[in-house]
Amino acid sequence: MLQIGFIRQNADFVKERIATKYFTDVNSVDTIIALDEEVRKLKVETETIQAAVNLASKEIGMLMAKGEKDAAEIKKQEVAQQKSSQQNLTTQLSNAEKQLHDELVKLPNLPHSSVPKGKTPEENEVVKEAGIKPTLSATAVPHWELIKKYDLVDFEIGAKLTGSGFPLFKGKGAKLQRALIHYFLDYNTAAGYTEYLPPLMVNEASAYGTGQLPDKEGQMYHVTEDGLYLIPTAEVPITNIYRDEIIKEESLPIKMTAYSACFRREAGSFGSDVRGLNRVHQFDKVEVVQLVHPITSYQVHQQMVDHIEGLLIALELPYRILRLCGGDMSFASALTYDFEVYSAAQQKWLEVSSVSNFETFQTNRMKIRFKGEDGKTQLVHSLNGSSLALPRIMACLLENNQTDDGIALPKVLHTYFGSNVIS
RNA sequence: AGAGAGGUGUCCGAGUGGUUGAAGGAGCACGCCUGGAAAGUGUGUAUACUGAAAGGUAUCGAGGGUUCGAAUCCCUUCCUCUCUGCCA
């Protein structure tokens, strides 16, 4: 959520920036400013009356103490009149506040100045492409065939147990997942991230804090009986750890990593995009989150990109880094880099990580602040990135490394997996 | 899941209707004292909104109610602890 004070002072800038995200209703900025003015005006009015009421109440207290009952009664009647005139204002105020909040929550974050212009994924800017795309033999097959061949994942039984999109990992497939999670967490903690293992369900306040609510309600599984949501990413519980906290400045940056299962309803997907492990309702992911001092956030963002790039290099996968254009960025992000790996048999790029700087968009909702040297509290910046999403990594590892003798695993996984090859 | 107890500032802890944003203590910060430190001592020590400022408003888990006035009374709800039950 954008800060109202900032909108008030930079209305034109806000409109201009929002437009690059192809947010449809730029006029809502004007609505917000008008509502904000109304709210503040009504606040002053009601608070003035309240101040008078409070003062009178104290006077009544003193009169009662002195035993001057009659004088107290007269005061009481005065207060009663003031209160009746206040009631109407209070109703107006709470209505206006609610409207203001509803509008404010619908505004997306403002894209950073380096965000490329564009509306569709095709207009994302390729910042870097590296690694070697393998030349596969004529007999090479996509990962869903390899999965069958080596009996790594059973989609049919997953569907039997739960439904489509809930893969059942099995044998070496399950072990490869474990090896990857283990390796990713080790890599992150070695870089100074503290490891967490979070709850897989969160309450409404947490889902709201990171921006899943109210914007993306339909994308989460909702346990209505208990008012809980299955997490779409560990980002949600992990970032919310510091909700409503004031952090000591010297504790910044706070670096956290977590493995979790992720649940996404992903309504409306279809076609070859959803084959095999390309898109599923439940998947494993390791996430990194940082809470940082505002002046360092873009530097940290770049460090996180480098950090995640290191994983892909270690996994020996061909990858590319995209700077997302305004139209393809998420609601809450100010700047996002996506990582994609090249899936050689499918001959397509698959997104495996998204590294974003949210600036104060999330922390304003969560009220995550620090107290600076000047004694003023201000919001920290939050950032996060996947490191990494497992299914597509697995798909690429299988497809790109397939040989007649099995799947040759990258060196870094040998110890974790306990073997050099899946055969 | 049932029974009971409780949630107050950074922490401990007092407070059952009237200048209580909140006693007292600890911690922390700054100063004095000291050769230096400890001890001692003085001052300060929440957050948000609003206002140029003075100030004002709100906040004692959360939400609602009673009252001229609520940390204190009532209702709802969340959480923690103890006991019982159940269970990986």
Side-chain angles (χ1 to χ4, degrees), chain A residues 1-9 32-105 197-209 213 223-229 237 240-252 254 261 360 362-380:
Chain A
M1 185 162 70
L2 295 175
Q3 293 173 267
I4 183 67
F6 183 83
I7 298 175
R8 200 185 296 149
Q9 280 158 28
I32 285 168
I33 287 170
L35 281 167
D36 172 53
E37 239 168 74
E38 195 187 338
V39 163
R40 286 189 298 152
K41 190 180 120 239
L42 288 167
K43 245 188 194 162
V44 169
E45 289 176 28
T46 52
E47 285 181 4
T48 307
I49 295 174
Q50 189 60 46
V53 168
N54 288 349
L55 184 70
S57 295
K58 279 182 187 173
E59 285 169 3
I60 291 169
M62 288 193 281
L63 290 171
M64 298 286 272
K66 280 192 272 180
E68 296 176 30
K69 275 203 167 170
D70 293 346
E73 278 305 319
I74 293 168
K75 272 279 174 205
K76 278 193 195 181
Q77 287 183 5
E78 275 177 38
V79 173
Q81 280 188 350
Q82 285 172 316
K83 291 201 84 169
S84 69
S85 65
Q86 188 188 23
Q87 199 158 35
N88 191 25
L89 285 173
T90 311
T91 319
Q92 284 180 46
L93 175 62
S94 63
N95 284 343
E97 277 180 326
K98 189 180 177 305
Q99 280 180 48
L100 175 60
H101 183 260
D102 288 350
E103 286 298 321
L104 214 44
V105 144
L197 189 63
L200 300 181
M201 288 192 245
V202 291
N203 57 29
E204 215 170 273
S206 297
Y208 172 82
L213 292 179
V223 183
T224 51
E225 182 96 358
D226 300 285
L228 300 174
Y229 293 88
N240 273 282
I241 290 171
Y242 287 92
R243 170 152 50 87
D244 294 321
E245 297 284 334
I246 296 174
I247 300 166
K248 289 200 180 101
E249 187 173 14
E250 59 267 29
S251 308
L252 298 175
I254 288 171
T360 59
Q362 293 182 327
T363 55
N364 186 33
R365 288 188 177 202
M366 284 183 277
K367 297 281 169 282
I368 305 180
R369 293 155 295 174
F370 73 99
K371 192 173 262 190
E373 278 180 358
D374 56 0
K376 286 200 172 172
T377 51
Q378 50 177 318
L379 297 166
V380 304

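Heavy-atom basis, side chains included; hydrogens, waters and symmetry copies ignored. Letters A, B, ... mirror the listed sequences (proteins, then strands); counts begin at 1.
Using a 4.5 Å heavy-atom threshold, the side chains of A/Leu100 and A/Ile4 count as touching. Side-chain contact between A/Tyr229 and A/Leu213 is present, with heavy atoms from C-beta onward closer than 4.5 Å. The closest side-chain heavy-atom distance from A/Thr363 to A/Tyr242 is not below 4.5 Å.
At whole-Å resolution of the value, CD in A/Gln50 and C1' in B/rU67 are 13 Å apart. Remark: C1' of B/rU67 and NZ of A/Lys58 are 17 Å apart, rounded to the nearest angstrom. Atom CD in A/Gln77 sits roughly 15 Å away from atom P in B/rU67 (whole-Å rounding). Atom CD1 in A/Ile247 sits roughly 15 Å away from atom C1' in B/rU10 (whole-Å rounding). When the C1' atom of B/rC78 is taken as reference, atom CG of A/Asp226 falls 13 Å away, rounded to whole Å. Distance NZ (A/Lys43) to P (B/rG56): 17 Å, rounded to an integer number of Å. With rounding to whole Å, A/Arg243 atom CZ is found 14 Å from B/rA62 atom P. Between A/Glu73 atom CD and B/rU67 atom C1' the separation is 13 Å, expressed in whole Å.
Comparing B/rU57, B/rU47, B/rC68 by their nearest atom to the side chain of A/Ile246 picks out B/rU47. Nearest to the side chain of A/Val44, among B/rC68, B/rU50, B/rU47, sits B/rU50. Among B/rU57, B/rC68, B/rU50, the nucleotide with an atom closest to any side-chain atom of A/Glu47 is B/rU57.
Of the side-chain N and O atoms in A/Asn54, one or more sit less than 4.0 angstrom from OP1 or OP2 of B/rU57. Remark: A/Thr377 is in phosphate contact with B/rA48, judged by side-chain N or O atoms under 4.0 Å from OP1 or OP2.
A/Lys367 comes within contact range of no nucleotide atom at all, as no heavy-atom separation falls under 4.0 Å. Residue A/Met62 is classed as having no contact, given no heavy-atom separation below 4.0 Å to the nucleic acid. Across all strands shown, A/Ala51 has heavy atoms under 4.0 Å from sugar-phosphate atoms exclusively, and none from any base. Heavy atoms of A/Lys75 sit nowhere under 4.0 angstrom from any nucleic acid atom.
A distance of about 14 Å separates the C1' atoms of B/rC28 and B/rG9, rounded to the whole Å. Straight-line distance between the P atoms of B/rU76 and B/rA23: roughly 32 Å, to the nearest whole Å. One C1' atom belongs to B/rA70, the other to B/rC75, and the distance between them is 15 Å to the nearest Å. Annotation: B/rG4 and B/rC11 have their P atoms spaced 30 Å apart (nearest Å). Taking atom P on both B/rG42 and B/rA26, the two are 11 Å apart, rounded to the nearest angstrom. B/rG36 and B/rC12 are spaced 37 Å apart, taking the P atom of each and rounding to whole Å. Separation of the C1' atoms belonging to B/rU59 and B/rU72 is 16 Å when rounded to the nearest angstrom. Atom C1' of B/rG24 sits at a distance of 7 Å from the matching atom of B/rA14, rounded to the whole Å.
In this structure, B/rC30 and B/rG42 make a Watson-Crick or G-U wobble pair, each of the two defining distances being under 3.5 angstrom. Pair assignment for B/rC81 gives B/rG4, based on Watson-Crick or G-U wobble hydrogen-bonding distances that are each under 3.5 Å. Across all strands shown, B/rC87 forms no Watson-Crick or G-U wobble pair with both distances under 3.5 Å. Summarising the base pairing, B/rG24 is matched to B/rC12 through a Watson-Crick or G-U wobble pair whose two defining distances lie under 3.5 Å. A 3.5 Å limit on both hydrogen-bonding distances identifies no Watson-Crick or G-U partner for B/rU72. With a cut-off of 3.5 Å on both pairing distances, B/rG36 has no Watson-Crick or G-U wobble partner at all.
In A/Met1, the CE atom is crowded: over 12 heavy atoms of neighbouring residues, nucleotides or ligands sit closer than 6.0 Å. More than 12 heavy atoms of other residues, nucleotides or ligands lie within 6.0 Å of CD in A/Gln82, so this atom counts as buried by the packing criterion.
The pair A/Glu73-A/Lys76 counts as a salt bridge, with a side-chain nitrogen and a carboxylate oxygen less than 4.0 angstrom apart.
Nearest-nucleotide positions on RNA chain B for A/Arg40 and A/Met64 put A/Met64 closer to the 5' end. Between A/Gly61 and A/Val53, the one whose closest nucleotide on RNA chain B sits nearer the 5' end is A/Gly61.
Using modelled atom types, no side-chain atom of A/Thr46 and backbone atom of A/Leu89 make a donor-acceptor pair closer than 3.5 Å.
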